[in-house]
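The sequence lines fix the lettering, A, B, ..., with proteins before strands; numbering per chain opens at 1.
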Protein chains: 2
Amino acid sequence: MILIEQLRNIAVFASLSDSSLHELSKHMELVKHPKGAIIIRADKVEPNFFVLEKGIARAYCNGENQEITFWFGQAGNVLFSFNSYINNRPGYENVELLENSTLIQMRLNDLFSLYEQNLEIANWGRKIAEQELIATEKRLIDRAFKGAAERYQEFITQSPELNKRVALKHIASYLGVTQVTLSRIRAACK
Amino acid sequence: MILIEQLRNIAVFASLSDSSLHELSKHMELVKHPKGAIIIRADKVEPNFFVLEKGIARAYCNGENQEITFWFGQAGNVLFSFNSYINNRPGYENVELLENSTLIQMRLNDLFSLYEQNLEIANWGRKIAEQELIATEKRLIDRAFKGAAERYQEFITQSPELNKRVALKHIASYLGVTQVTLSRIRAACK
DNA sequence: TCATTTTTTTAACATTTGTAAAATGTTGCC
DNA sequence: GGCAACATTTTACAAATGTTAAAAAAATGA
């Protein structure tokens with residue numbers, strides 16, 4: 001159980017009334033994990049939904065000889081195994097904390113029950129999925145229209161915090177290039 | 001106004017009760033457009049939400065010297081301007097019908113009112129966004145892990161109908177390659 | 001059917017990006 | 001400090017894809 005005042009500071013909860021926030025908070029708890037912790041594992045149904053209260057995280061898939069980072073989370077972002085959340089099936093992604101972090105944690109089953117009971121919370125969940133959807137689609141389109149150098153410039157402009165705190169190898173795969181290519185891009189614009 | 005029996009044949013409505021379906025159907029109408037019609041235009045807020053009842057469609061963005069197709073819709077798919085639907089702002093995409101098509105059309109404002117009134121419909125809207133989200137994210141990940149040839153093989157396996165009915169130039173940009181590259185891939189696996 | 005337009009393929013060449021391996025830089029810890 | 005582990009850059013070369021232009025094939029409409 002978490003205090004409503006604490007949730008009010010987190011942007012993702014801004015649209016909710018006190019009463020809905022209270023309903024949610026009953027099922028939430030605060031957990032801490034150290035840097036390097038893997039909080040979601042591929043091939044396992046993850047029963048929890050998280051909000052990153054403090055810290056940063058990355059989601060990645062394991063390929064044959066490489067790891068691809070395809071998502072970064074910062075304080076205030078929601079964090080869940082897409083396939084567990086949406087289809088109740090094992091996910092394809094691992095989520096690793098890149099710093100010592102604090103997470104708000106809630107059972108998916110509790111969240112799903114609230115979706116079936118509370119109209120405001122159901123619409124809140126809808127908007128979360130919609131915002132993630134539009135961000136993901138924009139990234140897909142950017143891959144087609146923008147070169148790797150331009151995507152990198154945009155990344156450091158729009159996510160200066162991540163740029164400071166995340167290893168370049170993770171940024172490289174997030175941008176869809178190898179680390180060598182990213183090094184070349186960085187060398188070219190010095 | 002559309003008959004409930006007609007909607008029952010469309011997979012996306014399967015989870016809804018008769019009563020919710022009736023609420024939706026009050027605001028729906030059936031419209032026909034010819035092949036080549038542009039039903040959603042970039043830089044314009046599109047006030048309607050559509051379900052493709054018959055036909056196929058593609059969403060594309062205009063670049064400097066190229067058009068990038070990033071989405072295909074078939075019978076049963078929902079179809080809307082993401083930015084209009086989600087942020088009430090002009091979109092970035094055009095949607096063109098690739099065949100003579102029949103569409104179920106509904107005002108976004110009517111849909112949004114139902115989201116605020118009807119729990120079942122709000123959760124239905126949530127699931128639509130979630131399904132689109134997971135499909136889009138999988139495509140983004142596939143771009144990183146799979147070569148263009150493999151993505152093409154998967155496309156023709158998973159979307160044989162689109163493969164038959166859509167021009168190769170559109171498939172090429174959907175897969176993230178030029179038409180020349182797709183031609184080479186097709187020549188190599190003959 | 002024929003002519004016209006559009007789509008698809010092919011070719012030659014340029015560019016980008018990838019791969020592998022070595023060199024350099026950074027960090028944390030004893 | 002100095003070692004060990006890890007991250008980043010650099011180099012040389014290979015592979016994939018892009019660009020441009022032209023030819024071939026297919027679709028369209030009178």
Side-chain angles (χ1 to χ4, degrees), chain A residues 34-38 56 58 60-70 72 96-100 140-156 162-190, chain B residues 34-38 56 58 60-61 63-70 72 96-100 139-156 162-190:
Chain A
K35 171 173 174 172
I38 310 286
I56 47 178
R58 72 179 180 110
Y60 66 96
C61 288
N62 281 309
E64 291 159 38
N65 35 17
Q66 51 178 351
E67 250 178 23
I68 304 285
T69 296
F70 60 91
F72 288 119
E96 178 193 5
L97 299 177
L98 299 174
E99 298 180 351
N100 296 330
L140 190 65
I141 293 172
D142 276 359
R143 292 273 174 107
F145 279 108
K146 293 173 184 161
E150 195 178 348
R151 294 204 300 277
Y152 176 63
Q153 287 303 333
E154 233 167 63
F155 179 81
I156 61 182
L162 291 176
N163 185 43
K164 256 183 267 174
R165 291 151 71 186
V166 174
L168 283 172
K169 63 177 175 183
H170 297 143
I171 295 175
S173 76
Y174 179 81
L175 294 174
V177 295
T178 60
Q179 194 177 355
V180 175
T181 298
L182 182 56
S183 253
R184 284 192 276 239
I185 290 167
R186 285 159 55 81
C189 69
K190 253 193 304 216
Chain B
K35 171 176 174 170
I38 309 286
I56 48 180
R58 73 179 180 109
Y60 65 96
C61 288
E64 290 159 35
N65 36 17
Q66 52 179 350
E67 252 177 20
I68 304 285
T69 297
F70 60 89
F72 288 119
E96 178 191 5
L97 299 177
L98 299 175
E99 298 181 351
N100 296 329
R139 279 181 63 206
L140 191 64
I141 293 172
D142 276 358
R143 290 274 175 107
F145 279 108
K146 293 173 183 161
E150 195 178 349
R151 295 205 298 278
Y152 176 63
Q153 287 302 335
E154 232 166 64
F155 178 81
I156 60 182
L162 291 175
N163 185 43
K164 257 184 266 174
R165 292 151 71 184
V166 174
L168 283 172
K169 63 178 176 183
H170 297 143
I171 295 175
S173 75
Y174 179 81
L175 295 174
V177 295
T178 60
Q179 193 177 357
V180 176
T181 298
L182 182 56
S183 252
R184 284 193 276 238
I185 289 167
R186 285 160 53 82
C189 69
K190 251 193 305 215

For [X] and [N], give me the distance from atom [atom1] to atom [atom2], rounded to whole Å.
X: A/Ile185; N: D/dT9; atom1: CD1; atom2: P; value: 11 Å
X: B/Arg143; N: D/dT17; atom1: CZ; atom2: C1'; value: 14 Å
X: A/Glu67; N: D/dA7; atom1: CD; atom2: P; value: 10 Å
X: B/Glu99; N: D/dT28; atom1: CD; atom2: P; value: 12 Å
X: A/His170; N: D/dC6; atom1: NE2; atom2: P; value: 13 Å
X: B/Ile171; N: C/dT8; atom1: CD1; atom2: P; value: 8 Å
X: A/Gln179; N: D/dC6; atom1: CD; atom2: C1'; value: 11 Å
X: A/Tyr152; N: C/dT17; atom1: OH; atom2: C1'; value: 17 Å

Given [options], identify the nucleotide with an atom nearest to the side chain of [X].
X: A/Ala187; options: C/dT9, C/dT17, D/dT10; answer: D/dT10
X: B/Val177; options: D/dA7, D/dG18, C/dT8; answer: D/dG18
X: B/Lys35; options: C/dT10, C/dT9, D/dT28; answer: D/dT28

*Report yes if a side-chain nitrogen or oxygen of B/Ser183 is closer than 4.0 Å to either non-bridging phosphate oxygen (OP1 or OP2) of C/dT8; otherwise report no.*
no
*Are any side-chain N or O atoms of B/Arg139 and backbone N or O atoms of B/Phe70, one a donor and one an acceptor, separated by less than 3.5 Å?*
yes
_Quick one: does any side-chain atom of B/Asn100 pair with a main-chain N or O of B/Pro34 as donor and acceptor, under 3.5 Å?_
no
*Out of B/Lys169, B/Arg58, B/Glu96, B/His170, which residue meets the side-chain hydrogen bond (donor to acceptor under 3.5 Å, both in side chains) rule with B/Thr69?*
B/Arg58
*Please work out if A/Arg184 contacts a base, only the sugar-phosphate, or nothing of the nucleic acid, heavy-atom cut-off 4.0 Å.*
base
*Select from B/Lys169 and B/Val180 the residue whose nearest nucleotide in DNA chain C is closer to the 5' end of that strand.*
B/Lys169
*B/Tyr152 vs B/Arg186 side-chain heavy atoms within contact, under 4.5 Å*: yes
*asked:* Using 0.5 Å steps for rounding, measure from the CG atom of A/Leu182 to the OH atom of A/Tyr174.
replied: 13.5 Å
